[in-house]
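Protein chains get the first letters and strands the later ones, always in sequence-line order, with residue 1 at the start of each.
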Amino acid sequence: MEKLAILWDSTALAHFETGQIVMMLVGFLLLYLAIVRKFEPLLLLPIGFGALLTNIPLAGFSEAGGLLYYVYKVGIDTGVFPLLIFMGVGALTDFGALIANPRMLLLGAAAQFGIFATLFGAIALNYIPGFEFTLKDASAIAIIGGADGPTAIFLASKLAPELLGAIAVAAYSYMALVPIIQPPIMKALTTQQEREIEMLQLREVSRREKIIFPLAVLLLTILFLPTATPLVGMFCLGNLMRESGVVDRLSNTAQNELINIVTIFLGLAVGSKLSADKFLTLETLGILGLGAVAFAIGTAAGVLMAKLMARFSSNPINPLIGAAGVSAVPMAARVVNKVGLQANPHNFLLMHAMGPNVAGVLGSAVAAGILLALVG
Amino acid sequence: MEKLAILWDSTALAHFETGQIVMMLVGFLLLYLAIVRKFEPLLLLPIGFGALLTNIPLAGFSEAGGLLYYVYKVGIDTGVFPLLIFMGVGALTDFGALIANPRMLLLGAAAQFGIFATLFGAIALNYIPGFEFTLKDASAIAIIGGADGPTAIFLASKLAPELLGAIAVAAYSYMALVPIIQPPIMKALTTQQEREIEMLQLREVSRREKIIFPLAVLLLTILFLPTATPLVGMFCLGNLMRESGVVDRLSNTAQNELINIVTIFLGLAVGSKLSADKFLTLETLGILGLGAVAFAIGTAAGVLMAKLMARFSSNPINPLIGAAGVSAVPMAARVVNKVGLQANPHNFLLMHAMGPNVAGVLGSAVAAGILLALVG
Amino acid sequence: MEKLAILWDSTALAHFETGQIVMMLVGFLLLYLAIVRKFEPLLLLPIGFGALLTNIPLAGFSEAGGLLYYVYKVGIDTGVFPLLIFMGVGALTDFGALIANPRMLLLGAAAQFGIFATLFGAIALNYIPGFEFTLKDASAIAIIGGADGPTAIFLASKLAPELLGAIAVAAYSYMALVPIIQPPIMKALTTQQEREIEMLQLREVSRREKIIFPLAVLLLTILFLPTATPLVGMFCLGNLMRESGVVDRLSNTAQNELINIVTIFLGLAVGSKLSADKFLTLETLGILGLGAVAFAIGTAAGVLMAKLMARFSSNPINPLIGAAGVSAVPMAARVVNKVGLQANPHNFLLMHAMGPNVAGVLGSAVAAGILLALVG
Amino acid sequence: MQQDIGQLLIEAATLLVAGMTFVFLFLTLLIGAIHVIAWINQRLGAEPTIEHAVAAPAANPTEPSQGVISAISAAVHQYRKQHR
Amino acid sequence: MQQDIGQLLIEAATLLVAGMTFVFLFLTLLIGAIHVIAWINQRLGAEPTIEHAVAAPAANPTEPSQGVISAISAAVHQYRKQHR
Amino acid sequence: MQQDIGQLLIEAATLLVAGMTFVFLFLTLLIGAIHVIAWINQRLGAEPTIEHAVAAPAANPTEPSQGVISAISAAVHQYRKQHR
Ligand code: NA
Ligand code: NA
Ligand code: NA
């Protein structure tokens, strides 16, 4: 009987705190979003599961000696996991559409306005009592507008580790919400006529150009923004492995098994940061709000930039493709395609939107480098 | 010549101790069992090889700076390797048969009697001079009766690391011996008539039930047995990845490359614990004996429970399936099927035995959690 | 404006040192060799990329906290990466040709003369002012003659870590240059008649022999050269997994995903050692020169040994196959085949050259063990 | 020492009883849980076939947006109210 | 504190301007780089088709040997001359 | 210093001789081992074909049970007897 009493005392029932219960509900919510709603399930499923595990009383998953503690220490504290994901994403990315039409980079640049405007907004939020975001906090939050998960996690782990959980959750949630957030903004800023514009077919890009491209990107980053070289460097390594054609077995492993393994652990480690004391705060509400703003502003800036470019371009440019500049590859490009098809059933914008889409990845990595250099 | 003398002195010949030679023979024996007899080769081959390497004089595989030293520190001391294996096993497990016939869980519960009775037996063995098992030792030994490798390694690494080598070897050896240990017990406890019983076909289980099931298991474990959540949690994560259908690439990696990589290292690390001073002891003999007893008792308890259930059940129950409750997936279920076929050539019990079989995995993880809570 | 000034100061432009620029050019040269010339691209591409990354001013890839710093610490300092590569190579190696014609081992032995003669040469180089090679340095350099990348990296990491970058680059470069270095030597030492010799077909080797072989190699190494057991042991583990036929899933993972993952990191870590202060030295020139000499001597020794054996053999032996004894699997065997075909269009030596070729792998691992025992 | 073993034996016996009790309780609870799951599953009606789910991956994550964010927001508010 | 926020806001505004300027400068440079790459690519003429490259992997790494080693050697010499 | 180099050279020469001797001895032993393996293999007779082995994986691990456990037990006893 005494043993049963000890067993009872070792159950969680006697030790649950409200915050842990609420966070478990958040974990279940993330699992629901991942499984039923299919919101970025590759990340949100492990994140949600990690949130469940880390909030179990007495289990100690995230305390010294616990599984999630080790995973976080080894993979996120060091920055290794997001960099490996970035290498894998590089190996998965085809820059052909961007090389064929390099001006699309300007759309990727414009969409970063979402990041920097949000940085300003986060600081302005300090006027509301209860918010006390530092510049570092604000930068880490603003990067959500980059719509790029590993970049956000990497920057947050450097600038504001205590906000990492909320930032990662917001980043992946909004990336999943791109099909809902973007279309109204895209439609509000364009006319039916503009949305109907068909674009010229892209030229073919040679293998040689695709090989030199990542090296050129790396070289420019080295020269002008060394703080961005971890992210950009690993991305370019992955892309070079892909395009060089001489290390296909390494490239395939980076695109598949390696990125899968790291994704499982990255998700669990991010989930381990979803504890009540770090997540159930006013800051989280601010982060959720600012993240939505960042996405909206980035989308708008991309579309407006595309309209501006269309005016000066001899070739027709459909301003919808500007929305793809926020990255969120390939979701944003698909959304562009869908909205374009609604306006004109013969208008296939997918390939044209891939250019600004991958440009947005580079753009937000560059923005992250700038923030590291100036704020970090 | 002097150099050749130094070389000679640096050979192992001048430094071998008897114990190392004996342990190498044990290593070769394990390799023989794995390769020729096909005893659980996935684990016994690396374990046997690890035993060879760790006993080489002067090579220092298991001393600070040696390969096996690192592997053990990183993977077993932290508990990470068995947990990752458990995640992979979860991703490999189909709970359909159990969900279709949930009462089979009682068979998985009954078979754990092998564990707790052996715990008692291990303490009783202390009456024989030379044995001095503590409660922790006894618990780590008893878990062999759970017939589940990673559970045994995980618990032994927490409760009795110095016995880990012998316990792991015994666990995997007996799991391989299931086709020899179980049938006589099964036949002794059942009549020919009972063994001939055919069971009703199982209902189909929906995908939704399969998705909710691992979450329900996790929830109950969180509420009532937090100490079991590392094992059960990782198992349920793997199973959820499998059944959710939205992260197939993660599930496939967990089932294949990741579990393979971890298996190689886990085996080597376990083998590194097969040193003469830790293995060639009276305790090892006790462990081998107790392990066999644990398997036998677990099998008997499962069969007797099935007979009891058959009496109160409206649907026919073949008591043979109780033997599958010890887990040893899928070997035990196959043995049930085979013995059933011997009695009645039209009696295919495989699917019916899968229910108690996977229930046994949960049962022994729960038993491990109880031992951790009460003894750890 | 001030921010832009800080940004400017945080660019690399203001901080580049000559040495870093030169080393980046070396990095680009390695990438060129890997991608355009297809020189051992699996290693030289990541090595070259690692050289680029490690020489970026302000980025700190190889300083405490940097990505390459962690990778080097975890994988090379510990010796784990080369050993895992060796396990994978073992799983990829078929010893059939060697078992069918075991005398080929003598060719693998003779070719190691390249290693030991170069060790002598490296010390002799000390007479030239500016060179001050210790015995350890000389041994690490000489192993380049073993024509085996992981062996060279493993030995260099133990005996002369500060030379590791140059040694690894030289080893892989010369392995890629085998088709240029070897043929002239082979032709100079053989007559047209000798090159035309056709050899008898090899007997078939049973699976049982292939299983026992790696265990026999390991046993001899344990008995007579424990210092070689890390390399030989992991190699034999891989080969045993391959040949045993009972752990195919482990063997496949070791041959594919695991070796690929480790190769990426090993290359990057080696590249991280290509810093100006360690690479742009007189020693590097010495290493490059000695490496070429080592390859040439090894090739010659192999061919001469084959001529000697031909004299005493009842079966015909084509002396060209001696050149394959330097290992560089499978490149050297292919070169033998090609030169043989030039002399006699019906002379397919590939299978006959595979024997000395894999013997050369064992030979250089043994040589590395000897150097570790006598010099380490 | 014989006495010590006796005491250990008693402890082991209690473990045996407590352990088996708990295992049975726990797995019986799980049986109940499975029945509840099956009942819920029936109430929810036919699930979308897997074909459908595969054919339209990440297709229509419609309207939940408001729901999601406001659910998290509500949770935070709730919690903060209690812990002020 | 309100003052502090004011100062932070000014910093944030500068970051906004400096950041966007830099992003545009950087990606504009990259546009230039892509044009240069395309120009180089055209000058180099048709590349060996991929089929060829696959068909002859590691086939003829001819003559570069001298070039390679001597290039590294030259680099070392050059560097050592400057840093004596 | 020149003297030191001389001494190192002598050491290197000894290494050269000792190393090559050992390499040859070792690999010659291995030749012998391979012949022994081949001889054993012939004595054991035809091996079960691989097809069979694959067709019946983990099929009949019969009777060895006693052998295995008692082999380990014997080893432990043997060892303990000697080390008492
Ligand atoms: Na972006
Ligand atoms: Na069990
Ligand atoms: Na060699």
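With a 4.5 angstrom heavy-atom cutoff, A:I261 touches chain B via backbone and side-chain atoms both. In this structure, chain A has no heavy atom under 4.5 Å from any part of B:I212. Both the backbone and the side chain of A:N256 come within contact range of chain B, each with at least one heavy atom under 4.5 Å from a heavy atom of that chain. The contact between A:L31 and chain B is made entirely by side chain atoms (from C-beta outward), counting heavy-atom distances below 4.5 Å. Neither the backbone nor the side chain of B:T227 comes within less than 4.5 Å of any heavy atom of chain A. Only the side chain of B:L218 comes within less than 4.5 Å of a heavy atom in chain A; its backbone stays farther off. Only the side chain of A:L53 comes within less than 4.5 Å of a heavy atom of chain B; its backbone N, CA, C and O stay farther away.
Interatomic distance, B:T78 OG1 to A:Y69 OH, rounded to the nearest 0.5 Å: 12.0 Å. Going from atom CD1 of B:I222 over to atom CG of A:L58 covers 12.0 Å, rounded to the nearest 0.5 Å. We find the CG-CG distance between A:L52 and B:L219 to be 8.5 Å, quoted to the nearest 0.5 Å. The CE atom of B:M234 sits 5.5 Å away from atom CG of A:L268, with the distance rounded to the nearest 0.5 Å.
In this structure, A:F95 places its CZ atom where more than 12 heavy-atom neighbours from other residues, nucleotides or ligands lie under 6.0 Å away.
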Given A:F61 and B:T229, is the side-chain contact (heavy atoms from CB on, under 4.5 Å) satisfied, shown in steps? CA-CA 9 Å; A:F61 271 95; B:T229 46; 3.7 Å; yes

I'd like to know whether B:L258 forms a side-chain contact (heavy atoms from CB on, under 4.5 Å) with A:E257, so could you lay out the CA-CA distance, the side-chain angles of the two residues, the decisive distance to 0.1 Å, and finally the verdict. CA-CA 8 Å; B:L258 185 53; A:E257 291 80 20; over 6 Å; no

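By number of non-hydrogen pairs under 4.5 angstrom with chain A, the leading residue of B:L240, B:I211, B:L83 is B:L240. Ranked by non-hydrogen atom pairs under 4.5 Å with chain A, the options B:P230, B:G245, B:A254, B:A228 are led by B:P230.
The shortest side-chain heavy-atom distance between A:Y70 and B:V74 does not fall under the 4.5 Å cut-off. For the pair A:I259 and B:R249, the minimum side-chain heavy-atom distance is below 4.5 Å. Contact annotation: the side chain of A:L45 approaches that of B:L237 to within less than 4.5 Å [non-hydrogen atoms, C-beta and beyond].
Between the side chain of A:N260 and the backbone N or O of B:L250, no donor-acceptor pair lies under 3.5 Å.
Annotation for B:V247 and A:P41: closest pair CG1-O, 3.4 Å, computed over non-hydrogen atoms. Of all non-hydrogen atoms in B:P226 and A:P57, the two that sit nearest each other are CB-O, 3.5 Å.
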